[in-house]
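Okay, structure first, notes after.
As a basis for the values below, the full set of heavy atoms in this structure was taken, side chains included, without hydrogen atoms, waters or symmetry mates. First listed ligand is number 1; within each ligand, the first listed atom is number 1.
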Amino acid sequence: MVGVSRTRWTSGGRSGAASPPIASRTSGFTESVIREMTRVAREHGAINLAQGFPDFAAPELLKEEAARAIAEDVNQYAVTWGAERLRRAVASTRERDYGVPVDPDREVTVTCGATEAMASALLAVAEPGDEIVVLEPFYENYGPDAVLCGARPVHVPMGRGAGLDLDRIADAFSDRTRAIILNTPNNPSGRVFSRGALEVLAELCRRHDAWAVTDEIYEHILYGGEHVPMATLEGMRERTISISGASKTFGVTGWRIGWIAAPPGVTDAIRKVHDFLTVGAPAPLQEAVAEGLERLGPEYYGGLAADYRERRDVLHEGLTRAGFRCDPPAGAYYILADFSELDDRPDDAFARWLAAEVGVAPVPGSSFFRRPEDGRSLVRFAFCKTVPVLEEAARRLAAIGGARAEESG
Ligand code: PLP
């Protein structure tokens, strides 16, 4: 009965009727705290800065192309590993932006978002018992993705400040390490890993014969510095699985279009997993994203980053004025803020209080750490919202002192 829980539950209607056993695989997975915070925000009419999706419009030309594709009956399965047009667009933009040649026929797989891309990539490379290095604070899917492969996530703190604690990361590698997951620009920390740090991580991958699986979904949301794809470093093209997608670059998180660029051998394996998991990503939306990649180049990315910088600055100023301790992020669209000088409640209680009494909902920091105590004085705010919404959030945050005084008085 390996992997099967003996716990049974009774189904609502038929009293006493027991359902068959449920696999234990998911027993350690928790319900997304973000959904819970969204419910709390709705209940209290709070501004929802918990959820990481934009509240503004997607580029017109993508929407027009999606409508055109549907009207012209691009309504059946696309090629399983991705419509040819989108694979070509992914390959040529990677070549244009980073100078890495990518073969669209043998090295690109289109998936249902970066989320499916990560699960398919890990299922393609990890054996049960393998270890997968995950840096923390982490994006909440990586641990469960490793567990779904029967692998063991090995969590390592990134370290304090803007850099990475490379010695500690080196210590986490062993002869059981199959992969390290790297997310830069990073959710939730806002860090952008430097070329120097990536060089050291690359050397670790080579020494331990491990894969680098890179989540580059925020590759175009940068406030300075450069995004360095791991695959561009010496000797890393053959051991890097690069993941990105349309969700953040084009503000279309609900379209579920992501992609993977990886060497041909591992791409074959990834395509098999992807085929059995999902068959393929939505065909008309693949056309629309191809249109976006073909027609919206560096100028669009520059505008995207400039708009996000304005939003970042509004929220960062609002948070620091209100008494949070936080650095402006170097990339992505989140601020992980320390509230210990404002309040001594734990993160989940503070997040609920902030939503209910101040009217701004964040995510409790403990959701980004293996040991909840590491995130107890942190909350994460997303700033993928229009400037007036963020200005209103900043106004509400300025009233924290008053709300606390009212509570204690
Ligand atoms: N990776 C990271 C780091 C994210 O923050 C998110 C969404 O918030 C995703 C992946 C999900 O990407 P997708 O919508 O393409 O599945």
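- A cation-pi arrangement, defined by a distance under 6.0 Å to the six-membered ring centre and an angle within 45 degrees of its axis, is absent between R380 and F368.
- Of all the atoms in ligand 1, the ones that sit under 4.0 Å from a non-hydrogen atom of I217 are 1 (N), 2 (C), 3 (C), 12 (O), 15 (O).
- Every heavy atom of F53 sits 4.0 Å or more from the atoms of ligand 1.
- Considering OH of Y333 and NZ of K385, their distance stands at 8.0 Å, rounded to 0.5 Å.
- A cation-pi arrangement is found for R311 relative to Y308, the charged atom lying closer than 6.0 Å to the ring centre and inside a 45° cone about the ring normal.
- Ligand 1 lies nowhere less than 4.0 angstrom from a heavy atom belonging to E116.
- The atoms of ligand 1 that sit less than 4.0 Å from any heavy atom of S247 are 13 (P), 14 (O), 15 (O).
- Remark: minimum distance from atom 2 (C) of ligand 1 to any protein heavy atom is reached at D215 OD2, 3.4 Å.
- One finds the CZ atom of R207 at 11.5 Å from the OG1 atom of T177 (value rounded to the nearest 0.5 Å).
- The atoms of ligand 1 that sit less than 4.0 Å from any heavy atom of Y334 are 5 (O), 8 (O).
- The Y142 neighbourhood of ligand 1 comprises atoms 3 (C), with distances under 4.0 Å to a heavy atom of that residue.
- The G113 neighbourhood of ligand 1 comprises atoms 15 (O), 16 (O), with distances under 4.0 Å to a heavy atom of that residue.
- Using modelled atom types, no side-chain atom of T240 and backbone atom of R237 make a donor-acceptor pair closer than 3.5 Å.
- Considering only non-hydrogen protein atoms, atom 7 (C) of ligand 1 sits nearest to K248 NZ, 2.9 Å.
- If you check the side chains of Y98 and E216, you find no donor sitting under 3.5 Å from an acceptor.
- Closest to atom 9 (C) of ligand 1 among all protein heavy atoms lies Y139 OH, 3.4 Å.
- The nearest heavy-atom contact from the protein to atom 16 (O) of ligand 1 is T115 OG1, 2.5 Å.
- The protein atom (non-hydrogen) at minimum distance from atom 12 (O) of ligand 1 is A114 CB, 3.7 Å.
- Between L315 and L49 the shortest side-chain heavy-atom distance falls below 4.5 Å.
- With a 4.5 Å cut-off on side-chain heavy atoms, L164 and L201 count as touching.
- Judged by the shortest distance from any of its heavy atoms, Y333 lies outside the 4.0 Å radius around the atoms of ligand 1.
- The contact set between ligand 1 and N183, taken as ligand atoms under 4.0 Å from a residue heavy atom, comprises 3 (C).
- For ligand 1, the atoms sitting less than 4.0 Å from at least one non-hydrogen atom of R256 are 13 (P), 14 (O), 16 (O), numbered in the order shown with element in parentheses.
- Checked options F381, F350, F324; the residue passing with F339 is F350 (criterion: ring-ring contact (aromatic ring centres under 6.0 Å, His included)).
- Taking both residues in full, the closest heavy atoms of A58 and V252 are given as CB-CG1, 3.7 Å, listed atom of the first, atom of the second, then distance.
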